[in-house]
Structure formats: structure tokens, C-alpha cells
There are 2 protein chains.
Amino acid sequence: MKQKKYVTIKDISKAVGVSINTVSRALNDKPDINEKTKEKILEKAKELGYIKNSFGSILKTQRSKIIGVIIPDSSNPFFSEVFKGIEEEARKNDYQTMIINTEGKYSFEEKAISTLIERRVDGILLFPMQNKYEDIEKLLTKKYPVVLVGRGVENWNVDEIYNNEIKGGFLATEHLIKKGCKKIIMISAEKFNTAGKNRELGYLKALEENKIEYKNIVNINKLHEGLYFEEGENIVQKIVDKEKVDGIFCYNDLIAYGAIESLKKKNINVPNDVKVVGYDDIRFSKIFSPSLTTIFVNKIKMGKEAFNMLKRRIENIDSTTMQITLDVELIERKSTE
Amino acid sequence: MKQKKYVTIKDISKAVGVSINTVSRALNDKPDINEKTKEKILEKAKELGYIKNSFGSILKTQRSKIIGVIIPDSSNPFFSEVFKGIEEEARKNDYQTMIINTEGKYSFEEKAISTLIERRVDGILLFPMQNKYEDIEKLLTKKYPVVLVGRGVENWNVDEIYNNEIKGGFLATEHLIKKGCKKIIMISAEKFNTAGKNRELGYLKALEENKIEYKNIVNINKLHEGLYFEEGENIVQKIVDKEKVDGIFCYNDLIAYGAIESLKKKNINVPNDVKVVGYDDIRFSKIFSPSLTTIFVNKIKMGKEAFNMLKRRIENIDSTTMQITLDVELIERKSTE
DNA sequence: CTGTTAGCGCTTTCAA
DNA sequence: TTGAAAGCGCTAACAG
């Protein structure tokens, strides 16, 4: 026995003895229909176990009610929480999500876009790579609904949502200064990453306002997603011997974990000898030991807002673009006590 | 200006001056076609910026090349890693995934299934809830391709993939015994969870083989996904004062973190006073402090295998069902040193 | 090697 | 209030 064939509206129409579009009207709750026939149809539909084939209607209506999500690494806790927000809000709005991991590779991002267009998703939420973005440019010239999440592209007329990175960088650095740090280094993202760049600006601003001369930004250079921890560990291992730093501000919490791990191995005490601040406030930072001072970013909200921006764009492709900046907050914990 | 309309094979056929199915043949790399015309068509397609509309072909071929993934909480590190394995393997095989979170609620699981069928996914990977499973039963009687992941249903004729839970429970408990523990409690999953039940069997078996009388299994009773940590904390807080335990085996790493947190608050030293073992070996367990002894489960592999099982089932709905058991391994770390 | 035709399941005119 | 018919974009069977 093979998988049972699906019941179609045609089957229902035959069974009830009406035309297929009467069935369609009943099923879609349209006004122009007799209550009695409608009831009969609905009943029969249930009896036969009818489940609508969305592809039929998609083909006709040209709306798939699917959005694509292109993300570097869905197992990274930051992304996975943002995604959760996206999925939750999408589900509420009867959209489904199709997620594709890029592993941080541009070629995967490019491929993901064309795959999703082939699937005729109504729009795309993209966490861009940023070392290249011709693919995004192409999307925009075709007027494809797209929202960039997390990292912006300068001077583009596109919907974007990100956190107040400058403020985040500033808060983190200022906090370290207040705690008495004099030599603060920052372990930032890859050079091309605008989120990283803005956090750097915040870092520099805080130093300047507090008249601290020493500044030192080290950019990570990871080859793959999922190696933040290792990068943090490596960089700190190399740098701490040369420079007698007393504060470290990290691009994200995972890097901070690595940094702290490295300090532990060298028997440098956190927070007594060196204080460390992370960024993102992922779930584990409060149970990390020492618990990590970090910049709180509302990841669930970010996901939800991102979805809603995309929905708005889908519904009106010509509405003016908007850039949403979410507020951030300093969370003080033991790593800077 | 509205979003540009998509180019169709009809447009290409007009532009080149051939019939639409010649175009189709060229695009699909079919044999019966002249090389030259094919070239011309491909060229024109590129020039016009043609991107196939998969819905057209899906409607025709009745194969969506989409699989559904129903998961309790995609932001839980265990699930998010398994999902990563799924997505990776799916992508390799030109499948896309549609993920739906159930938040551990049966009604959401039910809804997810019907949503996915409406989307005519070719099959479903389901991480079942298990307090109820009429929904799954229905899927099976309809011969819908489905693979249960992580948790089994007893005595059903269905594809399943899970870890060797009995062995895991045994290894964890045996390890604690070897380390000198005499009073070992187990914090297990909800009562209906078969994975939990099997880990309990392993726990009991190890106790018995080592002639240890004391046994104590506490089942968690969490209301929502994402509260494992808090549950672990609560349970240990309540129990440790009454019972002088010296070993704790937890259903998963998150519970173990909570347990350890609770012990820390009571100034009970891990591992000196109480030794703790987790389960799953999520990413953070090696950087947790103290680093967590746990049962390693190959999550990426689990995801990949799960996908391949489903693919096999999709391609041959009548092949005999299989149950795959993945091996597990004890990872010794500081929490039991 | 290529074109004609039918049809996947649905929605949407338009007419009755 | 209902039905007939067309068509969304694609593939496949068949004929030429």
C-alpha cells in the first residue's frame, strides 16, 4: 500500500454534488454562499480528512506565506534566540520559516538567497556576512522584500534592525573604567563587521571622555562560525604577556568565555587582576563562572521586530525603509566586581 | 514601482522562439535536446534573470523537497545542535527545512503537524512530547513519512533514532560509584519521557551491579521548555538538606548546571562534597565551572542520521522501519574529579 | 530532437 | 447563491 493520496476540493465537490469553487468558497469562509451548503461541505471535508494543499493556492495567489531566514549558525546561542523570536512571531501570523545556515561563508549566503527565491518565499531576513554584499544588492534592485538583521550596511536604503552598538561599546568600556581599569583592550569582530566597528566607536568614545590614552583593538579573524571561544582564548593568550592589561572588552560573550579561560590557565584572576566584559548576554553568561558582566541585548524582541518589519515590507514593498535601533543595557556580574 | 514580476519559462520560450517544454528540458538537463538550442536557452534564461518557481513543479511532481522539523525549543543547545545536523544534511540533499517550535505543548505539536501537511512537506522529523501521541498515530495510519527523534514510543512500528540511553545512565552512575559515591540521586525527566525512563534503568542497573542499596529518582516537572536550569536548582535545593547525598546524576546538562549552582549557594563543594554528572555534553559543559562530567551524545550525527532515515522513508514508504541507536560515551571532567 | 496538450490543486473572474 | 472556465508555472506523455 502506498501513501494515501490527498483529498482535494474536487473530491469534496463530487461527494457533495456542488462545483469546486463552491467548495472553495465554503472552505475560505467567503460571504457568497448558502449557510446550509456551506455546512454540508465543511462536514464532508472533515469526514474525508481534507487538508488543503497550500501549493495550489500559492501558485494562484503568488503568496507563499513563507519567509526565509539566512543565518550564520543557528546553533550559536545568540542567533538561536533571535531565531526563536522570529519563529514565534511568524507562527502567530501564519507564516512559516525556512532557515538556512551559511556557516559564515559568502558563497553559502549567495546560494541560500537563490534557493529561497526559487522557493518563492515572500521575503528574507538576512543576518549578513558583510565581507561582500553584491548578493544583497541584487535582491534590492529586484525589489525583493528583505530586512537586514544585526549588522547594517552603510548608506543603503534598506530595512535594518540592530542594537545600539555604540552605546553598548560605550557602556561596557565606561564600566571598566569606573571599576578602575587603566589599560583596556578590546577584542573586536572581523574588520568588515559594522556591528564590531560601532562597538569599537563606543569603546573609543568612552576612553576619550575619560581621558585614557591607552587603546588597543584586536580584531578576530576566525575562519569558521563556532570558533569564537577558541579565538578569544588564542588572542588573550598571545597578548596578555606582552601588554599588562587590566580590562578586556569582548565583541561577544563567547569570546569573553575564551578570554577568561585563557586567563585562568595563566593563573590571572578575574576580576581581581583583569576584569572582563562580554556582549549579548546569552543564557549561559549568568551561570558562567565567574558570572559574566555583559551588554544585554533583547534577542527575542529583535527577532520579533525583525519579522514584523519584514511583514510590513512584504505588504507594502514601497513603504519608506526604516532602521530600528534597539536599546541595550549593562548587566553587572562577577567578572568585573 | 512594484516588485518586478518573475520571468517564467513561457517568457523564455517566447524570447528564444521554442516551445515551453523545450525550455523545461534545457533547464532540467534532460537528454532529448540539441546542444545548441540548450545553450541558447540557458543563455537567454540567465540574461532574463530566470529563477525557477518551485511551486509549479511541486504541484506537478507532488514532491516539495521540504521536510518539517517539529522541535520543543530550537534555542535549547541540545536541540539546536541536532537541528544543525539536520539542516546541513538536508541542504546537501537539496531539501529545505521548515522548523516549528512546540514549546513543549501538545496542542502546538498537533497544530504543527497539520500546518506542515498543509505545506505538503515530504516528511516530518518529530521530537515528540510524549505525554500524548494521538497526533503521531494519525500520521502513521495515513502513511505519512515520519521519523521520531530522541525519544521513542514503545511498541510502535515507526522509524526512530535515539541514543543508547540505558548505557548512558549506566556509565554515568557507574562512574560516580567508582569515584566513591555511596548515595547517588538521579534527577530525571518528566515521568512520561522514555529517554528519561531508560536512563533511569541504566542508573538502577549500575546501582544493582555494585550492590548499592540507596536509590532515589526525582522526576522534574517543568511547565515550560527552557526551565531545566531552574528545575535543577529547585530540586537540589529542596533535597540536599534532607538527604546527605554525595552524587547527583542529572537528566541533562542544563539541569546539572542548576544543581551545581544550588550546591554552590549552599557552600557545598563540587566535586569534593558532591559529585555531579550531566547528560548530552552540550558546548558549554566543558567551559562550565567546574567543567562538567557528562555523557557525550553525537548531536550533529544524530541530526544527519535522522535526516537520512527520513529521506529513505520518503523514497520508499514501505521499507521496513528501523530503530537506530547511537552510541554514547562518558566524558570525565572536573565535576567528578 | 521538438511541439502539442493535459493537468497538478487552487482561486478568481464572469455569467447564469 | 452557484457554476463554468481560465490560469498560476511547471512537468510529462505522446505525437510528430
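Residue numbers begin at 1 in each chain, while the letters A, B, ... track the order of the sequences. Since the structure is predicted, the reported quantities are computational estimates derived from the model, not experimental observations.
Taking the centre and axis of the six-membered ring of A:Tyr6, the NZ or CZ atom of B:Arg120 falls inside the cone set by 45° and 6.0 Å. Taking the ring axis of A:Phe108 as reference, the NZ or CZ atom of A:Lys105 stays within 45° of it and closer than 6.0 Å to the ring centre.
Positionally, the nearest nucleotide of DNA chain C for B:Asn34 lies more toward the 5' end than for the other of B:Asn34 and B:Leu59. Checking B:Lys60 against B:Pro31, the closest nucleotide of DNA chain C that is more toward the 5' end is the one next to B:Pro31.
As rounded to whole Å, 14 Å separates atom P of C:dC1 from atom CD of B:Glu39. Here C:dA16 presents its C1' atom at 14 Å from CG of A:Asp32, a figure rounded to the nearest Å. To the nearest angstrom, P of C:dC1 lies 12 Å from NZ of B:Lys36. Rounded to an integer number of Å, the gap from B:Asn28 CG to D:dC10 P is 10 Å. One can place CD of A:Glu35 at 10 Å from P of D:dT2, the figure rounded to the nearest angstrom. Spacing between atom CZ of B:Arg120 and atom C1' of C:dC10 amounts to 11 Å, rounded to whole angstrom units. Atom-to-atom, CD1 of A:Ile20 to C1' of C:dT12 comes out at 11 Å; the value is rounded to the nearest Å. B:Lys40 has its NZ atom 9 Å from the P atom of C:dT2, to the nearest Å.
For the OP1/OP2 pair of C:dT5 and a distance below 4.0 Å, the side-chain nitrogens and oxygens of B:Asn21 include no atom meeting the criterion. Side-chain N/O atoms of A:Gln62 include none lying less than 4.0 angstrom from OP1 or OP2 on C:dT11. For B:Tyr50 and D:dC10, the shortest distance from a side-chain N or O to OP1 or OP2 is below 4.0 Å. B:Ser19 has a side-chain polar atom (N or O) that falls below the 4.0 Å cut-off from OP1 or OP2 of C:dG3.
Contact annotation for A:Ile58: no contact, since no heavy-atom pair falls under 4.0 Å across all strands. Here B:Ile9 lies in heavy-atom contact (under 4.0 Å) with a base. Residue contacts shown for A:Ser24 include a base, since a base heavy atom lies under 4.0 Å away. In this structure, A:Lys30 reaches the sugar-phosphate backbone alone: every heavy-atom distance under 4.0 Å involves primed, P, OP1 or OP2 atoms, never a base. If you check every strand for non-hydrogen atoms under 4.0 Å, A:Lys38 touches nothing. Within 4.0 Å (heavy atoms only), A:Thr37 reaches sugar-phosphate atoms of the nucleic acid but no base atom.
Between A:Arg91 and A:Glu87, at least one side-chain nitrogen of the basic residue sits less than 4.0 Å from a carboxylate oxygen of the acidic one, meeting the salt-bridge criterion. Here B:Asp122 does not pair with B:Lys311 in a salt bridge; the nearest charged N to carboxylate O distance is not below 4.0 Å.
Nearest to the side chain of B:Thr61, among D:dA12, C:dT11, D:dG9, sits D:dA12. Minimum atom distance to the side chain of B:Ser57 is reached by D:dT11, of the listed D:dT11, C:dC10, D:dG9.
Note: A:Phe307 and A:Tyr95 meet the aromatic proximity criterion, with ring centroids under 6.0 Å apart.
For B:Lys111, the NZ atom sits in a loose shell: 12 or fewer heavy atoms of surrounding residues, nucleotides or ligands are nearer than 6.0 Å.
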